[in-house]
Amino acid sequence: NNQLIIRLAALLLKNGKVTDANEKLTLALTKQPELADDFIEYCPEAISFPTILQTIENFNKLLFLL
């Protein structure tokens, strides 16, 4: 379930595992790009991480094009 993957990504990020969090975030957003908002809700501090923010922005652009 992508919702669980988003929560796992948030938990990983909160524990300082940025690369792992970004991988899980990418996995979930590939299937459901609209979950980016949920991820930010679970982990608002995510916007402080440039790699995470870039991933979210990339999927938001994709969602806009669909």
Side-chain angles (χ1 to χ4, degrees):
N1 182 322
N2 293 318
Q3 194 66 247
L4 290 174
I5 296 172
I6 288 291
R7 289 181 186 210
L8 175 59
L11 182 62
L12 287 166
L13 189 60
K14 288 181 182 209
N15 284 298
K17 299 186 181 286
V18 180
T19 302
D20 293 336
N22 198 43
E23 289 175 6
K24 297 300 182 194
L25 179 61
T26 300
L27 176 67
L29 294 183
T30 298
K31 297 174 184 174
Q32 281 186 276
E34 65 275 8
L35 289 177
D37 290 338
D38 290 350
F39 178 73
I40 296 297
E41 186 178 311
Y42 298 139
C43 189
E45 62 271 23
I47 60 173
S48 301
F49 295 87
T51 55
I52 299 292
L53 195 55
Q54 184 64 49
T55 297
I56 292 170
E57 288 175 355
N58 288 343
F59 282 99
N60 280 340
K61 288 176 190 173
L62 176 65
L63 193 56
F64 178 74
L65 294 174
L66 294 177

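Since the structure is predicted, the reported quantities are computational estimates derived from the model, not experimental observations. Atom set for the values below is all heavy atoms of this structure, side chains included, hydrogens, waters and symmetry mates excluded.
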Worksheet item: Is a side-chain donor or acceptor of N15 paired with a backbone partner of K17 at a separation under 3.5 angstrom?
Response: no
Fill in: Between CD1 on residue I40 and CD on residue E45, distance to nearest 0.5 Å
9.0 Å
Worksheet, complete the sentence: Here the gap from I6 atom CD1 to K31 atom NZ, rounded to the nearest 0.5 Å, amounts to 11.5 Å
Worksheet item: Is there a chain of hydrophobic side chains (I, L, V, M, F, W, Y, each step under 4.5 Å between heavy atoms) that links L27 to F49?
Response: no
Worksheet item: According to a 4.5 Å side-chain heavy-atom criterion applied to Ile, Leu, Val, Met, Phe, Trp and Tyr, with indirect links allowed, do F59 and L8 form part of one hydrophobic cluster?
Response: no
Response to the item:
Residues Y42 and Q3: closest non-hydrogen pair is OH-OE1, 2.8 Å
Could you list the donor-acceptor pairs under 3.5 angstrom formed by side chains in residues 18-26, with sequence neighbours left out?
| unit_1 | atom_1 | unit_2 | atom_2 | d |
| --- | --- | --- | --- | --- |
| N22 | OD1 | T55 | OG1 | 2.7 |
| N22 | ND2 | T55 | OG1 | 3.4 |
| T26 | OG1 | N22 | O | 2.8 |

Does the side chain of [X] reach to within under 4.5 Å of the side chain of [Y], using non-hydrogen atoms?
X	Y	value
L11	R7	no
L13	F39	yes
N2	L29	no

